[in-house]
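Take a look at the structure below.
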There are 4 protein chains.
Amino acid sequence: MTNSVDRRTQAAQKRRRLAAAAARVLHEQGIERTTLADIAHEAGVPVGNVYYYFKTKDELVRAALGEHRDRLDELTAGLDRLPAPHDRLRALVETWVSQRETTARYGCPTGTLAAELGKRADDSLHAEAGAVLRRLSDWTAAQFRAWGVPDPDDHARTLVSAHQGMSALTHALRDPSVTTREATRLLHWLDSLRAGPGISP
Amino acid sequence: MTNSVDRRTQAAQKRRRLAAAAARVLHEQGIERTTLADIAHEAGVPVGNVYYYFKTKDELVRAALGEHRDRLDELTAGLDRLPAPHDRLRALVETWVSQRETTARYGCPTGTLAAELGKRADDSLHAEAGAVLRRLSDWTAAQFRAWGVPDPDDHARTLVSAHQGMSALTHALRDPSVTTREATRLLHWLDSLRAGPGISP
Amino acid sequence: MTNSVDRRTQAAQKRRRLAAAAARVLHEQGIERTTLADIAHEAGVPVGNVYYYFKTKDELVRAALGEHRDRLDELTAGLDRLPAPHDRLRALVETWVSQRETTARYGCPTGTLAAELGKRADDSLHAEAGAVLRRLSDWTAAQFRAWGVPDPDDHARTLVSAHQGMSALTHALRDPSVTTREATRLLHWLDSLRAGPGISP
Amino acid sequence: MTNSVDRRTQAAQKRRRLAAAAARVLHEQGIERTTLADIAHEAGVPVGNVYYYFKTKDELVRAALGEHRDRLDELTAGLDRLPAPHDRLRALVETWVSQRETTARYGCPTGTLAAELGKRADDSLHAEAGAVLRRLSDWTAAQFRAWGVPDPDDHARTLVSAHQGMSALTHALRDPSVTTREATRLLHWLDSLRAGPGISP
DNA sequence: GATGAATGAGACTTCATTCAT
DNA sequence: CATGAATGAAGTCTCATTCAT
């Protein structure tokens, strides 16, 4: 019994390791240019073995998106420890700034995956990517709401959109300073909301 | 001589037709999922013939980016006919709105190509995509400058970034209303600049 | 463990089988006129599987050259069992005679491969072919040296050159008797050296 | 009339130019690695035009062999001006020495073409290459005969074989000194025949 | 005859997926 | 479960040859 639990745990760990490897490699190389062998190699798992954990490559992509969602949850969970919603949002923006070098090289993980998946005939994976962005939007709206800002959903959409925009431009121009500057603007905007609603971003 | 000119023109036209087909199909299917046969079929040309005009698939991608650049130039040339820079910028934003359905389905052509190209080891095509975005940014900065807005480059970067962001989100959520709403916000922002500089977006 | 060794052995055997098939077909059809499908078919293996063992066609060519080198080694190892160097060299020449029909049809395996490879821009495979010929030359020189013939390297070069020449001519004229006659001459020459050095071939 | 003759002459010149270009490029790149475009480009002729002079690629190969035969005839015609057969043969060997650098890079033109053609299912071109070698052999035999050496055909075969051998080895080892040394040996051999028959090569 | 363009067969290579042990 | 090996569909690219003007 203990043995079987161990096994189950071990299996779960291997699944996780594969998902994490997939998240990493797919972010860096894109979906279509990444082979299963790349992911297996990154995870230190024999190629043939991958299929015991994921029946198709698409399932690995799905797992990678799940991984990104989990990381987002960890991030927001951390931010939730800050007392003021306003500070949480500022910290979110600062997180983006701290990732600017990676963004310049590989773009936003979820955003670029969504861009690639959005052109498929089959929508299911694309929707999964969209869900991760919506999850961020929902959390952000909750902050605006808690803060008492009117139209919290609109403000959230604007902030997430701004993140996608600055990530895309940072990536396209390979210039981390795009992130720095846009983030500064966003922080000013957040501060301007503090004084009270009325000033549109 | 007339004959040879005709031929040269015809060849150039076919090249252009292939480039246009490539621009369309690559936008809709992404680079890696598009085969040369797809492009050849879209252009109504046998596959083998494509190689008479473009030696590699990458050259076709490059041509597609050139096509997008040309369309951008046509767009801005049209906008330049408007007398006031402020109106040109408003019209730009409204152009984006008019494209919202296509954006919801396939994303911003240049932006999604840049996202896909940015993960390659070889930078040259990615840089080409970045150049198209920078071209838009330069034109935009020129409008802000003509308008007398301070920090025109910063404002231009913000506007282009906003476009990339709203396109990415519109695409990821398959929701054209994202574009509509963000565009509305941008128009307010442009109007607020009219009153005089000082109010940050 | 036994299992894994078995597998490794099996894999090595298949690699060898492919290399042997390549050596055969490349000898008979030449490099450029031989397709991977030809080699796969000769080895009784599906085409796709070939790439599990050899990443490119050139690697198969390299393996074929290795095969020829191995056969040369087996040949000289057999000759080394003869007590007198002089007899070993005579036996070498007689081996050539025994292969005259194949030579008339397809030429010397190493020699014709070298001829084809020598015209490439990239030298690496050509050098490999040259190394096989040099290996024969080295063994031959060792025999002359052991025999006490002066200038053993010169004599070896002459013998190997004679072999290449008679093989080329036998092949070009499709006439095995060229080999027979030139071999007779070479045997006389070897005998003349027996009496003592001094008589140039 | 003059006009038509001019035209016929011009056409013949173009044919010749193409054949010469083919001889050159095929020698340097081998048959299979040379494209019709390569030859057309080398001759300064548009690709489509080649087919008015040669209906297939194989006919161009045949023409290239004819070109090599013509050059051989020019060579022997020049040697025929020397009074003594013995000197003609010495001069022949010295011609080979003078070509050693080209041989090291590309091998003997006729020999390497023969090697490549000899592996085809269809014999006709291969026979053409063999005929060029036999032509050299015939001329050589005539010299030995005029000189009074017995078994002139055997001696001729040996000399031509020696040339093929030293060319092949020079090419395979990319070492022109192979030619120099073997040529020295051949000159000694020719001199030894001068004293009178009896000493076998 | 001359020429740029067209065509289609076929080559090499990659890779997701499956299989046998 | 584990794993090296197997498979075949598909993609990119080349090129001899033909065609239209």
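Side chains included, hydrogens not; waters and symmetry mates left out as well; all remaining heavy atoms used. Keep in mind the model is a prediction, meaning the values are calculated, not measured.
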Residues which pass side-chain hydrogen bond (donor to acceptor under 3.5 Å, both in side chains) with [X], listed by chain and number, not counting sequence neighbours:
X: B:D123; value: A:R174
X: A:R71; value: none
X: B:Q29; value: B:T34
X: C:R24; value: C:E42

Distance in angstrom units between B:Q13 CD and E:dA5 P, rounded | 12 Å
Figure out the CG/P separation between B:N49 and F:dA20, and round it to whole Å.
-> 14 Å
Do C:R120 and C:E32 meet the salt-bridge criterion of a basic N to acidic O distance under 4.0 Å?
-> yes
Interface residues of [range] with DNA chain F (non-hydrogen, below 4.0 angstrom):
range: residues 52-65 of chain B; result: B:K55, B:T56, B:K57
range: residues 116-125 of chain A; result: none
range: residues 14-27 of chain B; result: none

For DNA chain E, which consecutive runs of 3 or more Watson-Crick or G-U pairs (each distance under 3.5 Å) count as stems?
-> E:2-21 with F:2-21
Take atom CZ of B:R69 as the centre, draw a 6.0 Å sphere, and report whether it contains more than 12 heavy atoms from other residues, nucleotides or ligands.
-> yes
Other residues, nucleotides, ligands: >12 heavy atoms within 6.0 Å of C:R62 CZ | yes
Could you tell me the separation between the CD1 atom of A:I31 and the CG atom of A:L117, rounded to the nearest 0.5 Å?
-> 3.5 Å
Measure the spacing between NZ of A:K119 and NE2 of A:H126 and express it to the nearest 0.5 Å.
-> 10.0 Å
Considering residues at least two apart in sequence or located in another chain, which fulfil the ring pair (Phe, Tyr, Trp, His ring centres under 6.0 Å) criterion with D:H27?
-> D:Y106
What residues 31-42 of chain C contributes to the DNA chain E interface at heavy-atom separation below 4.0 Å is C:T34, C:T35, C:L36
Does OP1 or OP2 of F:dC13 have a side-chain N or O of B:Y51 closer than 4.0 Å?
-> yes
With sequence neighbours excluded, tell me which residues meet salt bridge (charged side-chain N to carboxylate O under 4.0 Å, His left out) with B:E28.
-> none
Does the side chain of [X] reach to within under 4.5 Å of the side chain of [Y], using non-hydrogen atoms?
X: B:E116; Y: A:R33; answer: no
X: C:L60; Y: C:L26; answer: no
X: A:L113; Y: A:L125; answer: no

Please set out all donor-acceptor pairs under 3.5 angstrom arising from side-chain atoms of residues 44-56 of chain A, sequence neighbours excluded.
unit_1 : atom_1 : unit_2 : atom_2 : d
A:T56  : OG1    : A:D58  : N      : 3.4
A:T56  : OG1    : A:E59  : N      : 3.2

